[in-house]
Amino acid sequence: MEFVGSHILSVDQFDRSDIEQIFAVADDMQPYAHRTRITRVLQGAILSNMFFESSTRTRVSFGCAFNLLGGEVRETTEIKSSAIAKGESLHDMARVLSGYSDVIVMRHPAEGSVKEFAEASRVPVINGGDGSNEHPTQALLDLYTIRKELEDRGDAIDGLRIAVVGDLRYGRAVHSLLKLLALFDNISVNLVSPPDLTAPLDSVRDLENKGHRVETFQNLEDGVNHVDILYVTRTQEERFPSQEEADRYRGLFRINQTIYTEHCEPNTVIMHPLPRDSRAAAQELDDDLNANPNLAIFRQTDNGVLIRMALFSLILDVADGVHDHAQPVTWFTARRTPRTLG
Ligand code: CP
């Protein structure tokens with residue numbers, strides 16, 4: 001695809017070469033994301049970061065990514081603090097924000113809303129998650145993490161064995177990830193969910209039609225055997241028709257160190273798009289896994305900055321100029337050695 005000036009609304013836009021291009025630019029962003037070098041390649045550019053649904057990592061990492069490239073970030077969070085609360089349409093808001101910004105990231109609870117917004121926007125729009133539909137940048141950072149974790153052990157994404165566990169019906173990160181995996185070769189996917197929370201049929205058909213192996217499980221212990229990646233998700237309570245219905249699924253699948261030791265392979269990588277639900281009744285990914293070196297959840301969040309820097313660079317056509325504007329930093333070591341308090 002032509003990245004320059006493009007919206008990023010769905011992973012359907014990408015083919016394998018696009019993904020390789022994003023990952024190559026993300027690799028290049030490491031010194032800047034790790035703050036060992038500074039670049040100002042986007043100096044003067046403005047990002048409008050519009051999050052009409054709760055978020056920690058997507059909102060902050062998009063903002064950090066833009067700042068790390070030298071740009072400025074303006075944020076609106078929650079519908080009630082925007083003019084949507086006064087009845088403004090997505091069309092009008094898009095036209096207004098296009099006049100203030102060079103790129104816009106939007107998260108919105110309604111499926112298709114970011115696409116509708118983008119149709120009226122005069123600057124590129126990136127989907128930060130639209131209802132239970134898609135979360136394209138999460139899937140890209142997940143796939144980038146999978147690639148890195150496998151590379152460390154001499155493997156590639158082709159031939160991957162993955163178990164995807166939890167709420168596969170409403171989980172937008174899963175929807176996008178399954179579509180991306182379908183672009184590769186010889187993938188084995190174990191879909192582990194309660195019967196009412198299965199993955200969308202078109203995602204399963206797409207994988208099968210492209211020759212991948214898909215198996216469905218309702219039993220956690222059976223589904224997590226013999227996989228390279230164990231991708232766990234939270235029950236998306238906010239998408240259920242009622243809290244009572246969501247509560248029926250809370251705590252149904254819990255991965256802890258005992259389950260991992262007894263049913264996974266010793267080097268299975270554990271992933272989760274986060275947030276994990278650490279409340280006592282849920283705990284789909286137990287804190288007792290925190291010391292497990294195969295827990296990659298915080299490597300995923302770190303990789304999110306790289307992927308989002310790469311997308312901004314490609315869309316705003318500065319990927320080749322990043323290093324020209326680079327300088328070393330002097331404060332980095334001090335930042336990494338905090339004094340002990342008390
Ligand atoms: N993974 C993810 O989208 O997290 P946030 O909801 O915190 O942005």
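Any value given below was found using the heavy atoms of this structure, including those in side chains, with hydrogens, waters and symmetry copies removed. As the structure lists them, so they are numbered: ligands from 1, and atoms in each ligand from 1. Quantities reported herein were computed from a predicted structural model and do not represent experimental measurements.
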Practice item. Please check if any side-chain donor atom of Thr233 sits under 3.5 Å from a side-chain acceptor atom of Glu284, or the reverse. Key: no
**Study point:** Numbered atoms of ligand 1 (with element) below 4.0 Å of Thr58, judged on heavy atoms
**Key:** 2 (C), 3 (O), 4 (O), 5 (P), 8 (O)
Review point. So His108 and Phe52, would you call those rings parallel, tilted or perpendicular, with 30° and 60° as cut-offs?
Key: perpendicular
Practice item. Run the numbers for me: atoms of ligand 1, each under 4.0 Å from some heavy atom of Leu274, listed by number. Key: 1 (N), 2 (C), 4 (O)
Check your understanding: Among all protein non-hydrogen atoms, which one is nearest to atom 4 (O) of ligand 1, and what is the separation to 0.1 Å?
Key -> Arg57 NE, 2.9 Å
Review point. Purely on distance, is any nitrogen or oxygen of Pro275 under 3.5 Å from one on ligand 1?
Key: no
Check your understanding: Quick one: which ligand 1 atoms are inside 4.0 Å of a heavy atom on Pro273?
Key -> 1 (N)
Point to revise | Polar contact flag, side-chain donor to acceptor under 3.5 angstrom, Arg107-Thr58 | key: yes
Review point. Okay, side chain of Asn294, backbone of Pro266: is any donor-acceptor separation there less than 3.5 Å?
Key: yes
Exercise for review: Starting from atom 7 (O) of ligand 1, locate the nearest protein heavy atom and write down its residue, its atom name and how far away it is, to 0.1 Å.
Suggested key: Thr56 N, 2.7 Å
Practice item. Could you tell me whether the side chains of Asp142 and Tyr231 share a donor-acceptor contact shorter than 3.5 Å? Key: yes
Revision key, fill the gap. re atom 6 (O) of ligand 1, the protein heavy-atom contact at minimum distance is Arg107 NH1, 2.9 Å
Check your understanding: Which ligand 1 atoms are under 4.0 Å away from a heavy-atom of Gln138?
Key -> 1 (N), 2 (C)
Check your understanding: Can you find a side-chain donor-acceptor pair between Ser10 and Glu134 that sits under 3.5 Å?
Key -> yes
